[in-house]
S.K.: 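I am attaching a structure below and will ask some questions about it afterwards.
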There are 2 protein chains.
Amino acid sequence: MIKAENNASLLKRFNSYLDEQHMRHTPERDAIVRRVLNITGHFTIEQLKQMLDDDGFYVSKATIYNTVDLLMTLGILRRHCFEGLQAQYEKSNVPIHSHLICTKCGKVKEVRDNNFIAFMNTRKFTAFTQDYYSLCVYGVCNSCARKQKKKPKQLTP
Amino acid sequence: MIKAENNASLLKRFNSYLDEQHMRHTPERDAIVRRVLNITGHFTIEQLKQMLDDDGFYVSKATIYNTVDLLMTLGILRRHCFEGLQAQYEKSNVPIHSHLICTKCGKVKEVRDNNFIAFMNTRKFTAFTQDYYSLCVYGVCNSCARKQKKKPKQLTP
DNA sequence: TTTACTGCAAATATTTTGCAATATC
DNA sequence: GATATTGCAAAATATTTGCAGTAAA
C-alpha cells in the first residue's frame with residue numbers, strides 16, 4: 001500500500017513546481033497553499049476565502065480560483081461535486097473514504113471502510129489510468145428521516 | 001435481487017402521482033417524460049431540450065427544469081455532477097454501473113462490474129438509509145493519455 | 001370557472017476572462 | 001527592467017424565481 005504524502009512534502013512539491021515552470025512565489029500563493037494544507041475535510045472556494053479573511057489575509061477570488069486550479073493540476077487537491085451548485089475540494093493526502101450524501105439536506109458524511117479499500121485494490125480498468133476513486137452513497141440521514149415524518153419537504157436542493 | 005422497474009411502469013407511476021397530487025397532465029410533461037424514458041445513458045438539461053426540439057416539440061427551459069425536478073422527487077431520475085458545470089441526469093432503472101471520469105477531457109464512461117455489485121450488497125451503513133450509490137473513478141482515458149505526450153494541456157475543465 | 005402550469009425575462013450564483021496596476025525575479 | 005501575477009469588474013454559464021397569460025379539470 002502506498003503511503004500518503006505528508007503536508008510538508010506537498011508544500012515542497014508545490015514550490016519545486018513553481019521553480020520548474022518559472023512561476024513566481026507570491027505571498028498570495030503561499031498563504032493559500034498553507035491554509036489549504038491545514039484544512040481537514042471538504043471545503044468550498046467561498047469557505048476557503050472566508051478562512052483566509054479570518055487569518056487577516058485578503059486574497060481576491062480570482063487568485064483563489066487560479067491557485068486551486070494549480071493545486072489540482074499538481075494533484076494536491078481533488079474536486080468533488082455532490083449536491084447543489086458549489087464544488088467542494090479536498091486534499092489528496094487524506095485517507096481513502098466513502099461519502100454518504102443526504103438527498104434531503106445535502107450534508108456529506110465521510111466514512112472509512114477498510115474492506116471496501118481492500119476490495120478496490122483488486123480492481124483494474126482497461127484503457128483507463130486510474131488516479132483515485134470516490135464512492136458516493138445517496139440516501140437519507142437519520143436526522144432528516146425523523147424530520148420527514150412531521151413535515152414532508154421538496155427534495156431538490 | 002430487486003428487479004428494475006420498466007419504462008411503462010415508471011410512466012404509470014408518474015401519471016398516478018400527478019393524479020394523487022391533483023397536478024395536471026399537460027402535453028409538456030407528457031412529452032418530457034416520454035423522451036426521458038427513451039434515453040439511455042447520461043444527459044444534460046441542454047441536451048434534453050435539444051432532443052425535444054428535434055422531436056419538433058418546443059418546451060421552455062423553466063418547464064424542463066420543473067419536470068426534471070419532479071422526476072427526481074419521484075426517484076425516476078438521478079442527478080450526477082461529474083466534471084464541469086452542467087449537471088447530468090440518468091434514469092434510475094438502468095443497471096448499476098460505475099463511472100470512469102477522465103479529468104482531462106471530462107468524458108464519462110460507464111462500466112459494469114458484477115463483483116463490485118456483489119460486494120456492495122454486503123455493505124450497510126449506520127444512521128443512514130441508503131437509496132443508491134455511485135462509484136466514480138477519476139483518471140485519464142487512453143485517448144487523452146496519448147494526446148498528452150504531444151501537447152501538455154491545462155487540467156481544468 | 002377556477003387555478004395550476006407554461007414561457008418569458010429578470011434574478012441569483014458560481015466560475016471564467018480581460019486588463020490595468022503591481023510586485024517578483 | 002521585463003513580465004508574471006494580482007484584483008477588479010465584466011462576461012459567461014447554469015439554475016431559480018416572479019409573474020402575466022394560457023389551458024386543464
Side-chain angles (χ1 to χ4, degrees), chain A residues 14-33 35 42-50 52-53 56-74 77-89 106 153-157, chain B residues 14-33 35 42-50 52-53 55-73 77 79-89 103 106 153-157:
Chain A
F14 178 75
N15 285 321
S16 305
Y17 184 80
L18 292 184
D19 292 337
E20 281 165 29
Q21 303 289 312
H22 303 286
M23 294 171 78
R24 290 176 183 171
H25 296 261
T26 66
E28 289 81 5
R29 281 183 177 150
D30 193 63
I32 293 170
V33 175
R35 195 73 199 76
H42 304 106
F43 62 92
T44 62
I45 293 289
E46 196 58 46
Q47 288 168 335
L48 175 55
K49 176 153 176 48
Q50 189 57 56
L52 288 161
D53 282 351
F57 202 101
Y58 180 84
V59 192
S60 74
K61 273 223 185 125
T63 298
I64 295 180
Y65 273 105
N66 280 339
T67 307
V68 164
D69 277 358
L70 198 55
L71 290 167
M72 286 203 297
T73 305
L74 273 159
L77 282 183
R78 292 170 185 166
R79 172 160 53 185
H80 291 285
C81 185
F82 301 115
E83 290 278 309
L85 296 172
Q86 289 173 82
Q88 308 214 178
Y89 300 84
K153 218 189 119 197
Q154 183 76 350
L155 172 112
T156 316
Chain B
F14 178 76
N15 284 320
S16 306
Y17 183 81
L18 293 183
D19 291 338
E20 282 164 29
Q21 304 288 313
H22 303 285
M23 293 171 78
R24 291 174 182 173
H25 295 262
T26 65
E28 288 82 3
R29 281 182 176 153
D30 193 63
I32 294 169
V33 176
R35 195 73 200 74
H42 304 106
F43 62 91
T44 63
I45 293 288
E46 196 57 47
Q47 288 168 335
L48 175 55
K49 175 150 179 52
Q50 190 56 57
L52 289 160
D53 281 351
D55 289 351
F57 202 102
Y58 179 85
V59 192
S60 73
K61 273 226 187 123
T63 298
I64 296 180
Y65 274 106
N66 281 337
T67 308
V68 164
D69 277 357
L70 197 56
L71 290 167
M72 287 203 298
T73 304
L77 281 183
R79 173 161 51 185
H80 292 285
C81 184
F82 301 114
E83 290 279 308
L85 296 172
Q86 290 173 79
Q88 309 216 178
Y89 300 85
T103 51
K153 216 188 121 200
Q154 182 74 349
L155 173 114
T156 317

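Within every chain, numbering begins at 1; the chains are lettered A, B, ... in the order of the sequence lines, protein sequences first and strands thereafter.
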S.K.: Whole-Å distance between D:dC19 C1' and B:Asn66 CG?
M.R.: 14 Å

S.K.: Once you round it to whole Å, what is the distance between P of D:dA14 and CD of B:Gln47?
M.R.: 11 Å

S.K.: Roughly how many Å is it from CG in A:Asp69 to C1' in C:dT15, rounded to a whole number?
M.R.: 10 Å

S.K.: Would a distance-only check, ignoring hydrogens and angles, find a side-chain to backbone donor-acceptor pair under 3.5 Å from B:Lys49 to B:Ile64?
M.R.: no

S.K.: To the nearest angstrom, how far is A:Lys49 atom NZ from C:dA13 atom P?
M.R.: 17 Å

S.K.: Among all residues two or more places apart in sequence or in another chain, which pass the side-chain hydrogen bond (donor to acceptor under 3.5 Å, both in side chains) test with A:Ser16?
M.R.: none

S.K.: Report all interatomic pairs (protein N or O, nucleotide N or O of nucleotides 8-10 of chain C) with separations under 3.5 Å.
M.R.:
{"from": "C:dC8", "atom 1": "OP2", "to": "B:Tyr58", "atom 2": "OH", "distance (Å)": "2.6"}

S.K.: Any residue in residues 19-32 of chain B with a heavy atom nearer than 4.0 angstrom to DNA chain D? Just list them by number, or reply none.
M.R.: B:Arg24, B:His25, B:Pro27

S.K.: Just to verify, what does B:Thr63 make a side-chain hydrogen bond (donor to acceptor under 3.5 Å, both in side chains) with, not counting sequence neighbours?
M.R.: B:Ser60

S.K.: Once salt bridge (Lys or Arg N to Asp or Glu O under 4.0 Å) is applied, what residue pairs with a partner in residues 57-67 of chain A remain, sequence neighbours excluded?
M.R.: A:Glu46-A:Lys61

S.K.: So, is A:Tyr65 near the phosphate of C:dT16, with a side-chain N or O under 4.0 Å from OP1 or OP2?
M.R.: no

S.K.: Compute the bend angle of the helix from C:dT1-D:dA25 to C:dC25-D:dG1 from the end axes (five pairs per end), rounded to 10°.
M.R.: 30°

S.K.: Mind calculating the distance between CD (A:Glu46) and P (C:dT12) to the nearest angstrom?
M.R.: 16 Å

S.K.: Under the rule for salt bridge (charged side-chain N to carboxylate O under 4.0 Å, His left out), what residues qualify as partners of B:Arg29, not counting sequence neighbours?
M.R.: none

S.K.: Round to a whole Å and report the spacing from CD of A:Gln86 to C1' of D:dT13.
M.R.: 15 Å

S.K.: Under the side-chain hydrogen bond (donor to acceptor under 3.5 Å, both in side chains) rule, collect the residues that match up with A:Asn15, sequence neighbours excluded.
M.R.: A:His25

S.K.: Under the rule for side-chain hydrogen bond (donor to acceptor under 3.5 Å, both in side chains), what residues qualify as partners of A:Thr67, not counting sequence neighbours?
M.R.: none

S.K.: Considering residues at least two apart in sequence or located in another chain, which fulfil the side chain to side chain contact (heavy atoms under 4.5 Å, CB included) criterion with A:Asp30?
M.R.: A:Arg34

S.K.: Can you list the residues that meet the side chain to side chain contact (heavy atoms under 4.5 Å, CB included) rule with A:Arg35, with sequence neighbours excluded?
M.R.: A:Asn38, A:Ile39, A:Leu48, A:Met51, A:Leu52, A:Asp55

S.K.: Rounded to the nearest angstrom, tell me the gap between atom CD1 in B:Ile64 and atom P in D:dA14.
M.R.: 14 Å

S.K.: Just jot down the ring-ring contact (aromatic ring centres under 6.0 Å, His included) partners of B:Phe82, sequence neighbours excluded, or say none.
M.R.: B:His42, B:His80, B:His99

S.K.: Between P on D:dT16 and CG on B:Leu70, what's the gap in Å once rounded to a whole number?
M.R.: 14 Å

S.K.: Do A:Gln47 side-chain atoms and A:Thr44 backbone N/O form a donor-acceptor pair below 3.5 Å?
M.R.: yes

S.K.: Relative to the 5' end of DNA chain D, which residue comes earlier, B:Leu85 or A:Lys61, by the nucleotide with the nearest heavy atom?
M.R.: A:Lys61

